[in-house]
Amino acid sequence: MNEKFLKPYNPTETEDNIYKEWIDSGYFNPDNLPERHKTPYSIVLPPPNVTGTLHMGHAAMLAIEDILIRYKRLRGYKTLWIPGTDHAAIATQSKVEKEIEKKEGKRRHDIGREELLNRINIFAQQSHDTIVGQVKKMGASIDWSREAFTLDEKRTKAVRTAFKMMYDLGLIYRGNRIINWDPKGQTTISDDEIVYTERPTKIYTFKYSKDFPISIATTRPETKVGDTAVAVHPEDARYMAYIGKTFEVDFAGVILKIKVVGDIAVDPAYGTGAVGVTPAHSSIDADIASRHGLQSIQVINEFAKMMPNTGIVKDLKVLEAREKIVEWLKENNLLEKEEESLQNISTAERTGAVIEPLPKLQWFIAVNKKFKKGDREVTLKELMISAVKDEKIKIVPERFDKTYFNWIDNLRDWCISRQIWYGHRIPVWYKNNGKTDEIFVGTDAPEGLEWKQDEDTLDTWFSSGLWTFSTLGWPEKTKDLEEYHPNAVLETGYDILFFWVARMILMTECLLDTIPFKTIYLHGLVRTAKGEKMSKSKPETNIDPLDMIKKYGADATRLSLIIGNGPGNDLKISEDKVKGYKHFANKIWNITRFVLTSVENEKIEKDFSKYSIKDIELIKEIDGIISEITNDIENFRLYLAAEKLYHYTWHRFADIILEESKEILKSGSDEEKKSRKQFLLHTLSTLLITLHPFIPYVTEEIWKDMPIENRGMLIIAQWPIK
RNA sequence: GCGCGAUUAGCUCAGUUGGUAGAGCAACCCAUUUACACUGGGAAGGUCGCAGGUUCAAGUCCUGCAUCGCGCACCA
């Protein structure tokens with residue numbers, strides 16, 4: 001027996017070596033797998049943002065995906081797992097901007113586009129290297145030869161091709177619409193990048209002027225200088241007489257022309273039953289305005305300040321303007337009521353700034369527009385729905401179907417242009433011939449110096465939406481694309497179901513006429529032992545995966561993230577839990593020590609069949625367990641499979657079977673001894689194979705000393721059934 | 001407002017088609033060069049959130065409620 005078994009198992013001494021051996025073997029790359037690996041099985045790594053380091057959530061994701069990949073590899077599939085990182089446009093740029101401002105006191109425009117992009121690229125490269133190191137530490141059996149980045153050359157080609165195709169289909173359009181403006185980040189953001197926070201607010205009920213016949217209520221009096229109408233329900237007896245009339249009022253130094261319109265969107269029972277319509281600063285009001293042909297007057301600018309056309313509040317910040325308007329209303333006896341209330345306020349996910357709805361010319365993807373697909377007409381929304389409804393794509397756990405459909409029901413056109421510099425520049429060029437504007441959309445710049453490219457960049461989710469196929473070489477017709485698309489599984493957190501998963505379905509259906517993956521496996525969020533979200537602002541609550549790996553090993557870290565956690569459920573993790581599984585790695589180590597010592601020079605005989613009656617019973621038992629856990633893994637019950645293996649290994653195989661073996665090996669007949677030795681070797685080897693997806697390092701290290709002919713590496717051993 | 005989830009031992013959670021409640025960790029008692037103290041054995045611990053219903057039988061199915069968490073919408 002190898003002397004290494006005389007000491008306790010030491011993960012830090014072992015793991016890096018083993019990882020290197022795997023890399024050297026080439027088996028992470030499906031092209032190098034032995035002949036029997038025929039059927040493709042592919043997963044693409046949800047690319048971590050290059051904004052820093054990986055956290056426990058990423059560790060859980062890596063563990064789950066590596067388990068699936070290793071399991072399938074052992075079962076003889078041609079497994080491909082593609083790594084990559086995400087440039088994460090806004091997130092990365094704002095992070096670097098913040099640092100520069102802190103250190104040098106400079107803002108983005110002080111530095112300039114080119115220099116800022118330089119700095120961001122340097123930062124992104126560093127983050128990338130850190131992330132790659134962390135992914136390796138977790139033991140991920142991922143194909144580094146196919147690594148991708150959402151902003152690299154190949155992906156840029158994919159992005160531009162996708163943009164062009166969707167533009168030609170009429171699905172990408174440029175329009176002047178009310179968008180969500182982030183005054184701090186100085187950019188547009190999509191509906192999904194908004195975070196709602198509940199804050200106390202005041203509702204003011206007032207009249208524009210003494211002789212205006214209808215009272216209205218608002219939480220934002222400062223926007224009222226941009227009102228062009230009052231909307232009432234068309235059948236509201238109180239106001240019907242006024243519908244169609246226009247009133248001119250002097251409101252806080254601004255002359256407003258307020259038309260009374262009848263619109264069924266107004267709930268007569270709510271508030272005063274009348275709504276002041278501000279078409280430039282509310283998308284609902286903009287809808288009303290478009291139905292009645294009302295004028296839109298912008299009164300707030302990109303810096304959340306009042307514009308020059310706003311009378312007594314001009315140039316004030318929004319909140320100051322609000323106070324001043326309320327004061328003015330009081331002075332003029334127009335304020336009727338002031339009530340305390342709670343309001344869901346929209347803030348930008350990245351900067352925390354309060355969102356200012358503004359009218360702006362932006363690029364959108366039309367989700368409700370019919371377009372030709374083969375011989376039928378469909379909308380992107382319909383495609384997204386049918387992919388899941390017709391069970392072409394299965395979501396695990398199933399309950400997220402409802403969440404998915406609910407989101408699609410409420411989906412509006414997706415605003416894809418951003419006023420930031422880091423990202424895919426919009427592949428659109430403009431030329432002004434003095435009179436008319438010409439526009440060019442394409443994958444490369446048009447000839448001629450007079451063409452100017454759009455200043456904006458694309459929402460980062462536009463490029464990640466292409467991820468399952470852009471990583472396989474699309475738009476080229478590659479062999480990879482043919483073989484590995486659609487992916488078998490997409491594994492990711494439920495928190496990006498809308499951001500990412502839904503958009504991949506949208507993009508793939510639209511551009512490739514197929515689904516991006518067959519199964520969506522959603523994992524939960526990793527929380528602290530107290531159930532709080534781990535956050536950078538509270539480092540003491542954070543558990544760093546690298547730290548855990550250093551102290552307890554990657555195998556223990558992986559198990560702690562798997563056991564006790566079903567799909568879609570949040571997971572509470574504590575250091576104690578990780579520690580507990582370190583003991584397990586050592587337990588197998590010692591089991592091996594015992595088995596190898598006890599069997600002396602016995603080797604595994606491939607077709608050994610002369611088992612004793614007692615050992616036949618034991619073999620039936622382990623066979624039953626293997627078929628159960630195989631079934632569990634196939635159905636994504638990884639937590640159950642891991643737990644069952646853990647339990648059998650420790651409390652059945654070690655505690656009971658090894659104990660009784662001592663007696664048999666001491667005083668049994670020669671046949672009984674031989675049978676038991678073979679049983680121990682066979683079972684240990686079976687356990688190593690089946691445990692390998694969960695705890696790859698220690699099992700691979702032990703495997704080296706198993707007395708098996710033509711052993712090979714454990715990573716490509718054969719799963720015990722089929 | 002609509003929807004989702006959770007509620008089971010001190011803690012974290014299993015309990016897959018209904019058949020006498022399970023695991024890990026912690027705590028308690030015993031054992032001490034035993035393959036392994038990163039150990040073994042033992043005992044203790046739960047009216048399965050509450051109230052109804054279906055059933056021979058409900059932690060599991062149905063209805064209602066409560067508490068906590070989450071998503072979406074509304075937000076005049």
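Residue numbers start from 1 in every chain, and the chains themselves are labelled A, B, ... in the order their sequence lines are given, proteins ahead of strands. No experiment lies behind these values; they were computed from the predicted model shown.
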> Considering only the C1' atoms, how many Å lie between G46(B) and G59(B), rounded to the nearest integer?
11 Å
> May I ask you to say what Asn631(A) touches in the nucleic acid, namely base, sugar-phosphate or nothing, with a heavy-atom cut-off under 4.0 Å?
nothing
> So what does Thr218(A) hit on the nucleic acid, given a heavy-atom distance under 4.0 Å: a base, only sugar-phosphate, or nothing?
sugar-phosphate
> Quick one: does Lys259(A)'s side chain get under 4.5 Å of Leu294(A)'s, heavy atoms only?
yes
> For Glu659(A) and for Gly273(A), locate the closest nucleotide of RNA chain B by heavy-atom distance; then report the residue assigned to the nucleotide nearer the 5' terminus.
Glu659(A)
> Say you pick atom C1' in C11(B) and the same atom in U17(B); how far apart are they, in whole Å?
32 Å
> Work out how far the P atom of U20(B) is from that of A58(B), and round it to whole angstrom.
12 Å
> When all nucleic acid strands are considered with a 4.0 Å heavy-atom cut-off, which category describes Phe5(A): base, sugar-phosphate, or nothing?
nothing
> Base, sugar-phosphate, or nothing: which does Asn565(A) touch, judged by heavy atoms less than 4.0 Å apart?
nothing
> Heavy atoms only, 4.0 Å cut-off, all strands: where does Ile591(A) land among base, sugar-phosphate and nothing?
base
> Arg593(A): what forms a salt bridge (charged side-chain N to carboxylate O under 4.0 Å, His left out) with it, not counting sequence neighbours?
none
> With a 4.0 angstrom cut-off to heavy atoms of chain A, pull out the first and last contacting nucleotide of RNA chain B, in 5'-to-3' order.
G3(B) to A76(B)
> Using a heavy-atom cut-off of 4.0 Å across all strands, would you classify Tyr196(A) as base, sugar-phosphate, or nothing?
base
> Mind checking the P distance from A44(B) to C70(B)? Whole angstroms is fine.
40 Å
> Taking atom P in both G15(B) and A23(B), what distance in whole Å separates the two?
15 Å
> Decide side-chain hydrogen bond (donor to acceptor under 3.5 Å, both in side chains) for Tyr71(A) and Glu634(A); before the verdict, give the C-alpha distance in whole Å, the side-chain angles of both, and the deciding distance to 0.1 Å.
CA-CA 9 Å; Tyr71(A) 163 76; Glu634(A) 289 290 341; 2.6 Å; yes
> For RNA chain B, produce a single dot-bracket line, 5' to 3'. Pairs: Watson-Crick or G-U wobble, both distances under 3.5 Å. Symbols: ( ) within strand, [ ] crossing, | other strand, . unpaired.
(((((((..((((.....[..))))..((((.......))))......(((((..]....))))))))))))....
> Which value, in whole Å, describes the distance between the C1' atoms of nucleotides G3(B) and A76(B)?
25 Å
> Contact class for Leu596(A) (heavy atom, under 4.0 Å): base, sugar-phosphate, or nothing?
nothing
> Find out whether the Lys NZ or Arg CZ of Lys224(A) is both under 6.0 angstrom from the six-membered ring centre of Phe251(A) and within 45° of the ring's axis.
no
> Taking the six-membered ring for Trp, are Tyr581(A) and Tyr646(A) ring centroids under 6.0 Å apart?
yes
> What is the nucleic acid contact for Ala231(A), judged by heavy atoms within less than 4.0 Å: base, sugar-phosphate only, or nothing?
nothing
> Which part of the nucleic acid does Val595(A) contact within heavy-atom distance under 4.0 Å: base, sugar-phosphate only, or nothing?
nothing
> Could you check if a side-chain atom of Leu342(A) sits within less than 4.5 angstrom of a side-chain atom of Arg199(A), using non-hydrogen atoms only?
no
> Any base atoms under 4.0 Å from Asn410(A), or only sugar-phosphate, or nothing? Heavy atoms, all strands.
sugar-phosphate
> Could you tell me which residues satisfy ring pair (Phe, Tyr, Trp, His ring centres under 6.0 Å) with His292(A), sequence neighbours excluded, listed by chain and number?
none
> Identify whether the distance between the nearest side-chain nitrogen and carboxylate oxygen of Asp705(A) and Lys4(A) falls below 4.0 Å.
yes
> Going through the checks in order, is the side-chain hydrogen bond (donor to acceptor under 3.5 Å, both in side chains) test met by Ser667(A) and Glu663(A)?
CA-CA 6 Å; Ser667(A) 46; Glu663(A) 187 53 36; 2.8 Å; yes
> Looking at Tyr208(A) versus Phe212(A), is the centre-to-centre ring distance below 6.0 Å?
yes
> Give me the distance, rounded to whole Å, that separates G64(B) from C28(B) when you measure between the P atoms they each carry.
47 Å
> Assess the residue pair Trp407(A) and Asp192(A) against the criterion (side-chain hydrogen bond (donor to acceptor under 3.5 Å, both in side chains)); give the C-alpha distance rounded to whole Å, side-chain angles, the decisive distance to 0.1 Å, and a yes or no.
CA-CA 10 Å; Trp407(A) 175 78; Asp192(A) 297 288; 2.9 Å; yes
> Contact class for Lys662(A) vs. all strands (heavy atom < 4.0 Å): base, sugar-phosphate, or nothing?
base
> Given the P atoms of A26(B) and U12(B), what is the spacing between them in whole Å?
15 Å
> Would you call Lys677(A) and Asp615(A) a salt bridge, using N to O less than 4.0 angstrom?
no
> At under 4.0 Å between heavy atoms, what does Ser341(A) touch on the DNA or RNA strands: base, sugar-phosphate, or nothing?
nothing
> Looking across every strand, which nucleic acid part, if any, lies under 4.0 Å from Gly276(A) by heavy atom: base, sugar-phosphate, or nothing?
nothing
> What residues form a side chain to side chain contact (heavy atoms under 4.5 Å, CB included) with Thr223(A), not counting sequence neighbours?
Arg220(A), Thr278(A), Ile300(A)
> With nearest nucleotide decided by heavy atoms, which residue, Asp191(A) or Ala217(A), maps closer to the 5′ end of RNA chain B?
Asp191(A)
> In residues 581-589 of chain A, what residues come within less than 4.0 Å of RNA chain B, judged by heavy atoms?
Lys582(A), His583(A), Asn586(A), Lys587(A)
